[in-house]
Amino acid sequence: MRVTADRDRCLGAGQCVLHAPDVFDQSDEDGTVVLLTGTPSEAQGESVRTAVRMCPNAVLTLTDDPPS
Amino acid sequence: MRASRPPASAPIPDPAPSDPVTREGPASDPAVSDAAASGPATTTAVLDGEDAAVTILPTRRDHPFDPPSELGLLRDEGPVTRLAFPDGARGWLLTRHEDVRAVLADGRFSADRIGASSPVRRPEFRAEDRPGVLVTMDPPEHTRLRRMLTPYFTTRRMQALAPRVERIATAHLDALRASGPPADLVPTYTLPIPSLVICELLGVPYADRARFHAWAAAALSLTTSDDEVRAARDALTTYMRELVAAKRREPDDALLGALVTGDNDLTDAELCGIGRLLLVAGHETTANQLALGALTLITRPDQLAVFRERRDAADRAVEELLRYLTIIQFGTTRVAREDVVLHGRRVRRGETVVLSLPAANRDPGHFDRPDELDVTRPPSQHVAFGHGIHQCLGQQLARVEMRIALTVLFDGLRELSLAVPADRIPMRHDMAIYGVHRLPVSWKE
Ligand code: HEM
Ligand code: HEM
Ligand code: SF4
């Protein structure tokens, strides 16, 4: 799966880091989201989906990998 | 691309551009009244507020842990309720989870409190109270301040404070044990812990706590006179202005000192507002959530047993207590910046909309068994910290404080019980932030 972030919308609530700390971080400069990986593994899938659901401002978008 | 974003929900945008003439004037559009007379609302017939039954925000609770049952009835009756405010204005109340979240994330609604009505009687928020108080600002003003502050409150930074929070909690627990039962947990445990933590974080002298606790209590009380509220606000402002001046002379590493010396264009008035907001929000909220959470677990041994047996359950228990108790008891408010149609009702520009966080957090349309406390509940999109761009800045700090303070408390005091009957605990019905005034407890030495 692929995850992308629209950082302009991010307000740094940190919900994503709380739920998927190995996929998301927050910048030291303005607290907005930093992607540690754009392609989380299957094992990370559930935590990433939770993070996307919990984000208060629809910053994060998940897309399935294109069928190979 | 946006395929699996959370569904863009509820408010149906007004299909027709609103007519600038009817916008401001009294609503007497005959088409609208006819539609109202001829039957139930549909999305095609937009109804104005004048046709709706008016209520005031229900505040009377039948049970200390549950929101007023009347709120639940309103939520069952329909999504949009016409509300009369104490200042005489009319506006709206939203009670459903989906709608509350949608409006909080909708840029057509402003968070500016100047000109907004409050559902409970409050003295007016004045322009001079506003600089730095980002909870009452819209983008881009809000974005500028929020981005400046967020680095100090990131999830990882707050989690790194855990050892310090644990030392503070343990020290207060040791003091409790030394003095022996019974004790009131509010002044000895639930208030001092978040208070000391936020003082250290901001660089506010903890020795001054008696003063700012009293000001915050007066400012948040619904029963103090307007003059007393204003006096308390002014005293807090003067105190913070002097503290900011002191930081300018002698900066330290804590947040206020860092902002004073930082590469930013913050004015002293803004620094003062930031300091006031963080100081009040940083201890009143967590302190009450903590005390009410402790009371809840003491009176629910079944849930407490789960909390204690399963160490990994603490995080879920904290979230569930946030949802179940929702201490921002009258919700939050937004003002429509333009006419917006919500479920067939026209919210006019300038009208205040109350978003009931407690009602949303008990909405059966979103939560399974919403009125049941279940500390094992999976992450649930509760709105105890709000939603959208104003979602709580201090939430990660509050989570760390709650988890540690509750764990240390229930690990440290054996057979913790109430020292008075449960119905004698004085609840904070009279405060903007719900909780308990006192929490007398006993334990086995
Ligand atoms: C359990 C404890 C807490 C609860 C229930 C809580 C609740 C909330 C809610 C509901 C909002 C949104 C208000 C709105 O949308 O109008 C909010 C915003 C805010 N909270 Fe908290 N809060 C808590 C703890 C804290 C702490 C510890 C701090 C400070 C360190 C804090 C600082 C703030 C600030 C600064 C805002 C405004 C954010 C903005 O406007 O962007 N809160 N909080
Ligand atoms: C954690 C979230 C909140 C924070 C950070 C916060 C903090 C503050 C602060 C510091 C002020 C300025 C007071 C002063 O200058 O002495 C203020 C004003 C105000 N707050 Fe909050 N508040 C929060 C949530 C709420 C909510 C949800 C409501 C709605 C019920 C509310 C209602 C008000 C009102 C009406 C005022 C202006 C009048 C007053 O100062 O009493 N607050 N808030
Ligand atoms: S949860 Fe959303 S708003 Fe919060 S830091 Fe992550 S991406 Fe930003």
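Every chain is numbered from 1, with letters handed out A, B, ... down the list of sequences.
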**Student:** How many angstroms lie between CZ in B:Arg156 and CG in A:Asp25, if you round to the nearest 0.5 Å?
**Tutor:** 4.0 Å
**Student:** Looking at A:Asp8 and B:Arg147, what are the two nearest heavy atoms and their distance?
**Tutor:**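 Taking A:Asp8 first and B:Arg147 second, the nearest heavy atoms are O-NH2, 3.2 Å.
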**Student:** Ignoring hydrogens, what is the shortest heavy-atom contact between A:Glu29 and B:Pro151? Give both atom names and the distance.
**Tutor:** O-CG, 3.2 Å
**Student:** Counting N and O atoms only, with roles assigned by atom type, does the side chain of B:Thr155 sit under 3.5 Å from a partner on the main chain of A:Gly14, one being a donor and the other an acceptor?
**Tutor:**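 Yes; at least one donor-acceptor contact below 3.5 Å.
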**Student:** Sort by residue number and list every residue of residues 395-404 of chain B having at least one heavy atom under 4.5 Å from chain A.
**Tutor:** B:Gln395, B:Gln396, B:Arg399
**Student:** Could you pull out the closest heavy-atom pair between A:Pro56 and B:Ala105, with the gap in Å?
**Tutor:**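 Heavy-atom minimum between the residues: O-CB, 4.5 Å.
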**Student:** So, for A:Ala13 and B:Gln391, which heavy atoms are closest and what is the spacing to 0.1 Å?
**Tutor:** CB-OE1, 3.5 Å
**Student:** Hey, is CG on B:Asp252 packed in by over 12 heavy atoms from elsewhere, all under 6.0 Å?
**Tutor:** yes
**Student:** If every non-hydrogen atom of A:Met54 is compared with every non-hydrogen atom of B:Ser380, which pair is closest and at what distance?
**Tutor:**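 For A:Met54 and B:Ser380, the tightest heavy-atom pair comes out as CE-N, 3.5 Å.
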**Student:** Looking at every non-hydrogen atom in both residues, tell me the closest pair between A:Leu18 and B:Gln159 and how far apart they are.
**Tutor:** CD1-NE2, 3.7 Å
**Student:** Check each atom of A:Gln15 against the heavy atoms of chain B and say whether the ones under 4.5 Å are side chain, backbone, both or neither.
**Tutor:**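 Answer is both: backbone and side chain atoms of A:Gln15 are under 4.5 Å from chain B.
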**Student:** Rounded at 0.5 Å granularity, tell me how far OG1 in B:Thr154 sits from CG in A:Asp30.
**Tutor:** 11.5 Å
**Student:** Can you tell me which portion of B:Leu393 sits under 4.5 Å from chain A's heavy atoms? Options are side chain, backbone, both or neither.
**Tutor:**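 When you check distances to chain A, no heavy atom of B:Leu393 falls under 4.5 Å.
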**Student:** Ignoring hydrogens and angles, state whether a donor on the side chain of B:Thr150 or A:Gln26 is under 3.5 Å from an acceptor on the partner side chain.
**Tutor:**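 No donor-acceptor contact under 3.5 Å links the two side chains.
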**Student:** Looking at CG of A:Asn57 and NE2 of B:His390, how far apart are the two atoms once the value is rounded to the nearest 0.5 Å?
**Tutor:** 10.0 Å
